[in-house]
Amino acid sequence: MAADYAGVRMTLVTPTIASLRPYEPGKPAEEVAAELGIADAVKLASNENPLGPSPLAVEAMKRALTDVHRYPDARAHRLRERLAARHGVGMPEVLTGNGSNELLELVVRTFCTARHHVVFGEPSFVVYRMTCLAQGVPFSAVPLRDETHDLEAMAAAVTPQTRVMFIANPNNPTGTHVGRAALQNLLKSLPPEVIVVVDEAYVDYADASDYPDAMGLRGLRDRLIVLRTFSKIYGLAALRVGYAVGPAELLDYINRVRAPFNVGTLGQVAASAALDDRSHIDTSRLVNRDQRARLVVELSRFGLRVVPSQANFLYVDFGQAVEPLYERLLGLGVIIRPFGSLPMCARITVGTAGDNDRLLEALGEVLR
Ligand SMILES: Cc1ncc(COP(=O)(O)O)c(C=O)c1O
């Protein structure tokens with residue numbers, strides 16, 4: 001990336017930025033359907049809610065549409081007030097972000113420099129790595145054990161420079177979770193300067209009896225930030241709303257770094273309304289639970305290894321190169337999520353019964 005500028009050899013970007021590749025989103029269903037000339041395609045690639053957005057959120061957005069000439073509330077006061085009440089914390093302990101994605105990035109930007117160090121699992125949510133590379137912060141990507149975060153190995157990777165540890169629970173892409181006792185141990189035993197970020201994007205789908213809701217563990221550790229999102233069970237991925245619950249001191253620093261209007265008005269009103277939409281949340285959870293169980297059985301019948309999941313997706317080991325299968329499924333209008341770095345595995349979002357019928361039919365054809 002060296003550029004010749006006014007006769008001086010200059011480096012345009014740092015080597016870590018040069019090494020980055022843009023985030024690969026799942027292919028949009030409309031694009032695939034248009035390419036194939038079919039009425040619709042089934043997108044099971046981005047862990048969205050297949051039932052759609054909360055209807056209460058849609059109504060709230062309609063009411064707010066005529067106000068969009070105004071800047072949003074920069075402090076997201078009403079939404080933060082609702083979230084603080086929901087979690088039984090003070091408003092200074094809640095910060096909203098442009099998706100939880102922005103909050104992850106802000107944690108690294110606010111607290112880390114090139115002299116610090118970050119720890120996360122591998123494979124886990126790719127944005128942890130991308131953020132560290134973009135900011136030039138050294139990191140350790142600690143291999144999972146049995147597709148699950150190896151908290152002992154992650155603790156062992158901590159150095160005096162470690163400032164942040166990310167734990168996705170349930171993990172993306174494997175769907176596995178770490179149990180309460182293991183997480184409690186970790187939170188108590190890590191050096192006090194380490195900020196532990198428990199990323200609970202899929203918390204609403206977890207039903208294992210030892211799944212630890214990290215909000216309830218905040219008493220165990222000062223530097224604990226819990227991240228949640230409205231992109232999954234609430235069905236508001238396009239609006240980009242996430243939030244952090246953590247110590248006021250840490251959130252105050254992050255708040256100084258964030259962009260002033262990071263969450264739009266429609267996102268704020270929709271998220272507030274969706275929080276109260278019990279019926280949408282309950283139905284979404286039930287459909288996911290039933291269809292997830294169904295897919296585990298049906299996919300196993302194809303001889304595939306399916307990792308037990310606490311989320312709204314399944315991590316599937318095909319035992320053969322996935323890329324050609326992915327392409328053939330695309331040709332049948334079914335979009336799953338392969339990973340370049342994991343050539344035999346793919347992540348499949350749990351869809352509605354109808355979506356999953358199409359997936360299973362297409363897989364039957366492709367694997368025949
Ligand atoms: C583990 C995890 N964390 C965070 C995010 C980011 O979600 P959002 O930025 O939509 O809130 C995702 C998205 O898929 C995720 O899987």
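Basis for what follows: all heavy atoms, side chains included, without hydrogens, waters or symmetry-related copies. Residues take their numbers from the sequence shown, with the count starting at 1. Remember, it's 1-based here, ligands and their atoms both numbered in the order they're listed.
Atoms of ligand 1 found under 4.0 Å from any heavy atom of Ser231 (numbered from 1 in listed order, with element): 8 (P), 10 (O), 11 (O).
Taking 4.0 Å as the cut-off, Phe230 does not count as a neighbour of ligand 1 on heavy-atom distance. Contact annotation: Gly242 has no heavy atom less than 4.0 Å from any atom of ligand 1. Put simply, part of Arg240 is less than 4.0 Å from ligand 1, judged by heavy atoms.
Residue nearest to atom 3 (N) of ligand 1, selected from Asp199, Asn172, Ile167, Leu103: Asp199 (by heavy-atom distance). Comparing Tyr128, Phe166, Phe125 by heavy-atom distance to atom 4 (C) of ligand 1, the nearest is Phe125.
Scanning both residues, Gln291 and Val350, for their nearest heavy atoms gives CB-CG1, 3.5 Å.
Side-chain atoms of His280 and Asn49, non-hydrogen and from C-beta on, do get closer than 4.5 Å to each other.
Clustering ILVMFWY residues whenever any of their side-chain heavy atoms sit less than 4.5 angstrom apart, transitively, puts Leu295 in the very cluster that holds Val366.
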**Message:** Please evaluate residues Asp282 and Arg285 with respect to the criterion salt bridge (Lys or Arg N to Asp or Glu O under 4.0 Å), reporting the C-alpha separation (whole Å), side-chain torsions for both, the decisive distance (0.1 Å), and the verdict.
**Reply:** CA-CA 5 Å; Asp282 290 346; Arg285 188 180 286 130; 3.8 Å; yes

**Request:** Could you walk me through whether Phe120 and Phe125 pass the ring-ring contact (aromatic ring centres under 6.0 Å, His included) test, one step at a time?
**Result:** CA-CA 9 Å; Phe120 50 81; Phe125 188 42; over 10 Å; no

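Using a 4.5 Å cut-off between side-chain heavy atoms of Ile, Leu, Val, Met, Phe, Trp and Tyr, Leu56 forms no hydrophobic cluster with any other residue.
Among all protein heavy atoms, the one lying closest to atom 6 (C) of ligand 1 is Ser100 OG, 3.4 Å. For atom 11 (O) of ligand 1, the closest non-hydrogen atom of the protein is Thr229 OG1, 2.5 Å. Among all protein heavy atoms, the one lying closest to atom 14 (O) of ligand 1 is Lys232 NZ, 3.0 Å.
Residue pairs meeting the side chain to side chain donor-acceptor pair (under 3.5 Å) criterion with at least one member in residues 130-143, sequence neighbours excluded: His117-Ser140.
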